[in-house]
Amino acid sequence: MHKYLIMGPQGSGKGTQAKRLQAAYDLVHISVGDLFRWNIQHRTKLGARVKRIVAAGDLVPDEIVDDVIRTRLEQHDWNYGFVLDGFPRNRTQAEFFLESYDIDAVIRIDVPDSVVFERALARRVCENCGLDYNLIQHRPKAAGVCDVCGGKLVVREDDTPEALRERLEDYHRQTEPAFELFRTKELLVVADGVRSPEEVQRDIQAQLGLAPRPNPA
Ligand SMILES: [Zn+2]
């Protein structure tokens, strides 16, 4: 059983690394962002609440986040473990989580703010099917056109420099204090995210003492 949290600023590649861990070790990848998006898409009561909060430019309150995580983990479909992505957002959520769950490690992927900007501003999304592209790492075959559905690639609405600056500030101010807690509990593993996804993956595997496995993807 492997139970991990994976954290890092936007563009650190934590989603990619979470998916690689999932694929290689049969873990369940639980993305808080995906859970919220699912609820919004399916027009649940929670989705409506989250949508209102986000539209007002506010952060989703701790109790909603805790509730979503708890409900998801109670499904107990994670026979080999899980990797929780996008959580916790702050020290309170971290403390609350550690009261209820044992985890094996917290993986933090570091990238400097300048790289966060570079990567985010290179990001495009298909306005038709929602597939993500990156003009640096994952380029479409034809410029501006989705490989899968032929839809138009556009800049994400929330990738403006102002929104990005705000999210980064939030990460430094709110999320970073949680790392002190994880460090004192000797759970923290730090990887430099300014490398290829393969290199970051090997580093994380080595630090976690995981036997390297070929990446099925
Ligand atoms: Zn598409």
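One-based numbering, in listed order, for ligands and for the atoms of each.
- Panel note: side chain T175, backbone H172; no donor-acceptor pair is recorded below 3.5 Å.
- By the 4.0 Å N-to-carboxylate-O rule, R156 lies close enough to D132 to be salt-bridged with it.
- Applying the side chain to side chain contact (heavy atoms under 4.5 Å, CB included) criterion to E169, with sequence neighbours excluded, gives R173.
- For the side-chain hydrogen bond (donor to acceptor under 3.5 Å, both in side chains) with R20, the lone residue among Q205, E198, H29 that qualifies is E198.
- Protein N/O/S atoms found under 2.8 Å from the Zn ion (ligand 1), listed by chain and residue number: C126 SG, C129 SG, C146 SG, C149 SG.
- In terms of modelled atom types and a separation under 3.5 Å, the side chain of Q207 and the main chain of V190 share a donor-acceptor contact.
- The minimum heavy-atom distance between V83 and A18, with the atom names listed, is CG1-O, 3.7 Å.
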